[in-house]
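Report on one structure; see the data block that follows.
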8 protein chains.
Amino acid sequence: GFADVDLGRTQRTGYPETIFGSGKSANQIVGIINVLKEQEPCVLCTRIGKSKAAKIVKAIPAVHYFEEAKCLVVGQMPKPITRGSIAIVTAGTSDIPVAEEAAVTAEVFGNRVERVFDVGVAGIQRLFAKLDVIRQANVIILAAGMDGALASVVGGLVSQSVIALPTSIGYGSNFHGVSALLTMLNSCAEGVSVVNIDNGFGAAYCASVINRNN
Amino acid sequence: GFADVDLGRTQRTGYPETIFGSGKSANQIVGIINVLKEQEPCVLCTRIGKSKAAKIVKAIPAVHYFEEAKCLVVGQMPKPITRGSIAIVTAGTSDIPVAEEAAVTAEVFGNRVERVFDVGVAGIQRLFAKLDVIRQANVIILAAGMDGALASVVGGLVSQSVIALPTSIGYGSNFHGVSALLTMLNSCAEGVSVVNIDNGFGAAYCASVINRNN
Amino acid sequence: GFADVDLGRTQRTGYPETIFGSGKSANQIVGIINVLKEQEPCVLCTRIGKSKAAKIVKAIPAVHYFEEAKCLVVGQMPKPITRGSIAIVTAGTSDIPVAEEAAVTAEVFGNRVERVFDVGVAGIQRLFAKLDVIRQANVIILAAGMDGALASVVGGLVSQSVIALPTSIGYGSNFHGVSALLTMLNSCAEGVSVVNIDNGFGAAYCASVINRNN
Amino acid sequence: GFADVDLGRTQRTGYPETIFGSGKSANQIVGIINVLKEQEPCVLCTRIGKSKAAKIVKAIPAVHYFEEAKCLVVGQMPKPITRGSIAIVTAGTSDIPVAEEAAVTAEVFGNRVERVFDVGVAGIQRLFAKLDVIRQANVIILAAGMDGALASVVGGLVSQSVIALPTSIGYGSNFHGVSALLTMLNSCAEGVSVVNIDNGFGAAYCASVINRNN
Amino acid sequence: GFADVDLGRTQRTGYPETIFGSGKSANQIVGIINVLKEQEPCVLCTRIGKSKAAKIVKAIPAVHYFEEAKCLVVGQMPKPITRGSIAIVTAGTSDIPVAEEAAVTAEVFGNRVERVFDVGVAGIQRLFAKLDVIRQANVIILAAGMDGALASVVGGLVSQSVIALPTSIGYGSNFHGVSALLTMLNSCAEGVSVVNIDNGFGAAYCASVINRNN
Amino acid sequence: GFADVDLGRTQRTGYPETIFGSGKSANQIVGIINVLKEQEPCVLCTRIGKSKAAKIVKAIPAVHYFEEAKCLVVGQMPKPITRGSIAIVTAGTSDIPVAEEAAVTAEVFGNRVERVFDVGVAGIQRLFAKLDVIRQANVIILAAGMDGALASVVGGLVSQSVIALPTSIGYGSNFHGVSALLTMLNSCAEGVSVVNIDNGFGAAYCASVINRNN
Amino acid sequence: GFADVDLGRTQRTGYPETIFGSGKSANQIVGIINVLKEQEPCVLCTRIGKSKAAKIVKAIPAVHYFEEAKCLVVGQMPKPITRGSIAIVTAGTSDIPVAEEAAVTAEVFGNRVERVFDVGVAGIQRLFAKLDVIRQANVIILAAGMDGALASVVGGLVSQSVIALPTSIGYGSNFHGVSALLTMLNSCAEGVSVVNIDNGFGAAYCASVINRNN
Amino acid sequence: GFADVDLGRTQRTGYPETIFGSGKSANQIVGIINVLKEQEPCVLCTRIGKSKAAKIVKAIPAVHYFEEAKCLVVGQMPKPITRGSIAIVTAGTSDIPVAEEAAVTAEVFGNRVERVFDVGVAGIQRLFAKLDVIRQANVIILAAGMDGALASVVGGLVSQSVIALPTSIGYGSNFHGVSALLTMLNSCAEGVSVVNIDNGFGAAYCASVINRNN
Ligand SMILES: Nc1ncnc2c1ncn2[C@@H]1O[C@H](COP(=O)(O)O)[C@@H](O)[C@H]1O
Ligand SMILES: Nc1ncnc2c1ncn2[C@@H]1O[C@H](COP(=O)(O)O)[C@@H](O)[C@H]1O
Ligand SMILES: Nc1ncnc2c1ncn2[C@@H]1O[C@H](COP(=O)(O)O)[C@@H](O)[C@H]1O
Ligand SMILES: Nc1ncnc2c1ncn2[C@@H]1O[C@H](COP(=O)(O)O)[C@@H](O)[C@H]1O
Ligand SMILES: [Mg+2]
Ligand SMILES: [Mg+2]
Ligand SMILES: [Mg+2]
Ligand SMILES: [Mg+2]
Ligand SMILES: [Mg+2]
Ligand SMILES: [Mg+2]
Ligand SMILES: [Mg+2]
Ligand SMILES: [Mg+2]
């Protein structure tokens, strides 16, 4: 068939297969959900636009759709099971959709999530006002577009792992997120590792693994 | 003066400032070492070529130079203080110098290090033969050049954090490490985050932060 | 006129001219089909969207349209005439449309085709479960997007020719297939040669030439 | 001849032609200096390596060579004639040679210069400690390599013009200064304009024009 | 909430926060306007398309929408308060929308603006005919796409600051403004600094800072 | 106003200003036409889509619209006035729209045009069959996408000027015409110069200048 | 140790591990040779410069060094064992070193090799003069730099597999082989697959696999 | 052998094969010269460094070496045979070596050459002072690095063919000539066609073909 669902994923890596919705038809997604939910209490689908979501919601019971995050969750969201939390920080308002993909993913994986939005370096006092909150988390996800400079600033101020999440927000020589990506890869603060542009899911996955073992 | 040494670094981030040797004169490096070693028991300098190292060794007592890693350590290497270890895995023999920069850094930061070299996907049985060793570590650093494919393969087989470390080994459309970097950023396995090309230091820093809190 | 159809193609290269549908009007395509089918029992058109296909189907008898592959075949599909088969392997579900362009092309050229879909390295046990099937083929086409890592893994496990077919599946630093293309060009496994991004037709053509002479 | 020296430059733009030393022979440079010093009290040559400088110094009287800046000045350095000053800020120690090209240029053009070096965002308290000094200047030049993040941070804290000067310090995905250049072009702080990578001369020229009219 | 409005901006940098409309919903923009207009007599929003503008106009009183500039101004436009003016020069007719973003911004910030449009180097006599007008300004903004050559030509003819503003006008190897951006960064005329592609707002901001202090 | 029409163009360069339609409104184009046709017997507008053309046709008398070329001509097409002709050669059928922009331009400038379409190197005998026709022209325009190889082949077979015109036909690593552009810039045949991707107008302009002086 | 030699390679893929010399020390290479030659009658090392070769030759008996190919062979070169041959074609004289890496590799793997050098499209009659020779081979390797156009021309004239081998010969917008690589990936002739820039070894490996099974 | 000299070149294209010296050994070049000078009165070799030239001069009689142009001419330079001349214009002093490659080539091909050096747009009055001289030529070659803006300015002022010749002079975001190349490809002046970066030979070849037929 069109999918060879990886049912051993949880055993090997600690979390079940997530369905990457983009480029799959609603029918294909429904098919894969049906295989996965046999085994997993909570199935996550990312990159699901509004109209595709509507079709899936009709076909599958117990689905919740998170519109800003473009995520769809089948089954019950787990209660937070981690001791520590993951802080998800954004530089601007426009980075929030990517941050929400990360937040929903982290919550599906049982993490407590602390949202700290719109504290970019253009008004750095906003960051300092929230630094205590950020420092209480176990792991920090940092979503920023344009210059991506917030990652380096935060990286220099904390002792936790920082997962830098470049977003495609910007224009011109931003090149759809490349400028933020390069800033983060070249961060002069240490302890910063990077995931793909707009990959909220991947950032949350990495953060969950770290938080789980804390 | 030419340097404004960051003496609050350990307090803020948990590790002291490391000296990035490339583009600094031996004199400048000696000057910075002298400020840092007042306060820190063990000072690390990276990217120090053989002849620059020779000059510094003459000027500073109690220095050890790691030639393959191009690292220079002032003071006593710490005994491993972490419970768990960091596995440093390479795809090929040519990736070893970058892996050694990571290994020396991790050891300076008090980690036990497990080296697993030359197990790239061209002969994937070599990886499976070492999988048990790799799975015993708390964090995995994965150094690979050329296709960088090993990161995705390992990422799909383990439940720990994987820090992907692209190296500049290769030629032609490798573009000095870009092919491996992109492979790793686009890894279809989860739990993989990425640092800059040849940034063994950064990979080890990230791994140390995770290992410290385990 | 607008086309100077290459009627000597079969004699020179062993296969007739295929019509590349993208950027041609339905009228132009009908015109070229009419010239080619005078001479060839089976004419293949690639890159034909659904609505363009509908117009052509009306104007030409004995046409079959393969929607997922976006291919249109005029005349009778040949019975498989080759002794050996071509295995077409994909890393994910989203790579299937490109793989189907390859499959239909290979079948039009008289090959037996073995489809092995969704066995990417994130769950590598899926690949090992199908390795026997893959090894029975004469040639292997490997379609993958994102990290494109499957090409190197398979390349290291088989003794046949591997035609690596990068797809544009992915986002961000995938750059519309460039990350997979570079991975494949820099494969550390040998015996892997590469065609253009999403070029299912070209991969199948190369595989057919090899399979024909086996 | 090989040069058509622009003797109307001072009248049109306010400053005389500067000799760009790179790619010119010592003889050619001596020839151009001899034309310019007829008319200008102080002639500046940039991008002059040590050995080329030695040859020129032999041929021309009243020359001073600034080694770190790779600048050569013929005639008397002017006393500072501007009311306000130009602050030249660097993120690291390795950015100093580029900053010095800017400093010497600014001084040749009659500006008072304030050097603030090694205050990058990895230890942001170093910047805050110098903020008063920086805010007293009329214009700010900001030299940074790697992530170039300092430009955005300073841009958000001051009301003066900020000339961002990306340096080629870094490695890997720094791409010889491109990462810092893109960060600065995409700065989310306003009032930041950018010059070419390592173009200390150009940054100082722009700053001088602004400072002159203040 | 979704926004952490930077109310200290005017005090720190001299101008209030401007709302970057692209990627924000009409509701989010209305929310931010309502916070800002408590404190600021005149609030500027950029990158507001026609239909989004219509929604905001309904929700907020005393709004003026500048369609060509895609700017929306809340409150009273200030009378020009600067002694000198800013000349905004374009190479072609198609660069005007970007130039208008700059013009409206400059006017909101209290500057007198002089528009000089369509004087590109293909007909350089048009530039010379306007040179007197341009030279009377305090600062010059130069908007050009395609070859971006006008920036260098003007830079060599004036003694004021030139803010080069590359536009995305062009096609093919223009790469959405990259050719003009590179031309401007590599200008062989001095006194030219550069902002991001199509960043009329940023160019006007930089020009305003310079003009304010004149 | 929005345009500063260059009425001295014919005198300086031999041909009047041509209107580049893309990014201008129908109204703006009508305005410019009205200025130009006062002075020029035949005005050319390029890059005019079908619906924009319809609006202009309504406002201006004596207009002819060439749909495939996306060109609009005001006034009478001139009789060919050149002794020699321009051959316009394409590699494929899909390159024809770009070739037609070149053809209409050349005809408006008074040249005789010889069209030789779809003779690309995949079936090189088609080129040899037309070589006599091509060699009779004074100048050759060579439009090709994908590999752009035809330019080098023709360049090695003729003694006339070859203007290479890369088209954006292709996909994947074609990068919207970059592959053909680079092939042509790196042609190992001599006498080949290159214009921008899809710049049929520019190719014809260059060819006209050469043909005029023959 | 530094290497984990893949002794199962011949069984899995049909050919033993080849040593990639670049980036390994002479000592490391000697170490790996000593492991491999226990098992393999003929060991190939590629990318070995003259002075590194001299060191290895001293340490290992029965070594032959091919200077132009930069290849070193330990043990006896096999007699050609294949029925058919591999034609290795170059566009120019400067492509020969890369072609020789391919030729030596093919010979080590037991193939008969036919060299056809310097027949690029600038003088296409040279190709036609050798077409019979080329058509007698079972597989064709096509090495070309600069425009890489020869691959498409040959691809359209033969019915065998064509392995396109871009070389880094050229300058400027050749970008060290990228122009030839893109030409070949976008070949409008079919049956062309591509290996990495300057990867003579890889091209020969692919050709050997095809030739072995013929 | 290593070369298959194209002796039919003069008949097909009007000029004999020129030897591209870079990447060939002195011996190979001597070999090719010996074949060509049997038939051609004057043989041109380009890209010959000083020490390689010395070896060739020893082996071949009647050679003249042009050091700045890095060109070597065997046999007698022809008297200018063209009616008109070729103007070779440079923006700066550093572009002269590339311009000299063009000049020597044009002279070998029998053209009268007019050199106009160092008239770049930073001091545009230098260009206007030479405009009469430039307008008297039949064809114009325009060599410029950095911003490459001179091509557009000259293109708008003359009625002849302009061959734009980007040079690699510059640094940083010049990317070894890419900025000038893109400027020229996107020239808003018409009648400008472009050759590869630093390709003085190619520019002169194109100009010669045009000048020959005038
Ligand atoms: N938003 C996302 N970004 C990147 N990877 C994702 C995302 N959502 C899911 N995935 C991964 O994509 C895999 C599924 O790929 P596929 O076989 O194409 O469905 C999942 O197992 C996840 O690892
Ligand atoms: N999907 C495809 N991708 C690449 N090339 C193709 C494809 N389909 C057909 N072609 C080739 O394109 C050629 C036709 O080009 P054209 O003259 O533009 O129709 C055919 O002879 C095929 O070699
Ligand atoms: N370091 C520098 N970076 C950029 N431009 C420079 C530099 N130094 C001098 N210049 C400019 O280069 C021009 C001289 O160019 P040239 O005719 O090649 O000597 C001077 O007038 C300056 O405008
Ligand atoms: N057109 C524009 N281009 C670039 N930056 C802008 C533009 N308009 C506003 N901005 C900046 O973007 C900041 C707001 O970012 P955000 O928090 O996403 O609303 C403002 O404070 C401005 O500094
Ligand atoms: Mg905000
Ligand atoms: Mg190995
Ligand atoms: Mg799947
Ligand atoms: Mg420092
Ligand atoms: Mg205009
Ligand atoms: Mg065709
Ligand atoms: Mg040759
Ligand atoms: Mg000069």
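In what follows, chains are A, B, ... by sequence order, proteins preceding strands, each numbered from 1. Computed from a prediction, not measured in an experiment: that's the story for all the values here.
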For this session: Below 4.5 Å from any heavy atom of chain E, which atoms of H:Leu150 appear? Answer side chain, backbone, both or neither.
Result: neither
Problem set entry | Heavy-atom pairs under 4.5 Å with chain E, option from H:Ala144, H:Ser179, H:Ala151, H:Ala189 with the top count | H:Ser179
For this session: Mind telling me whether E:Tyr15 and E:Tyr205 have parallel, tilted or perpendicular rings, with 30° and 60° as the class edges?
Result: perpendicular
For this session: Kindly compute the distance separating OG1 (H:Thr167) from CG (H:Leu165), expressed to the nearest 0.5 Å.
Result: 7.0 Å
Seminar exercise, completed: Per-residue tally against chain H (heavy atom, under 4.5 Å) across E:Asn174, E:Leu181, E:Val178 peaks at E:Asn174
For this session: Against chain E, work out which of H:Cys188, H:Gly148, H:Gly155 has the most heavy-atom pairs shorter than 4.5 Å and name it.
Result: H:Cys188
Exercise. Which region of E:Leu157, side chain (C-beta onward) or backbone (N, CA, C, O), has a non-hydrogen atom less than 4.5 Å from a non-hydrogen atom of chain H, or is it both or neither?
Worked result: side chain
For this session: Might you point out which heavy atoms bring H:Val108 and H:Pro78 nearest each other, and give the distance in Å?
Result: O-CG, 3.2 Å
Problem set entry | H:Glu101/H:Lys70 ion pair, N-O < 4.0 Å | no
Seminar exercise, completed: Separation between CD1 (E:Ile86) and CZ (E:Arg115), nearest 0.5 Å, reads 11.0 Å
Problem set entry | Contact check, side chains of H:Val139 and H:Gln160, non-hydrogen atoms, under 4.5 Å | no
Exercise. What part of E:Tyr171 gets closer than 4.5 Å to chain H, counting heavy atoms only: side chain, backbone, both or neither?
Worked result: backbone
Problem set entry | Options E:Ala122, E:Ala149, E:Gly156, E:Ser173, ranked by heavy-atom pairs under 4.5 Å with chain H, top entry | E:Ser173
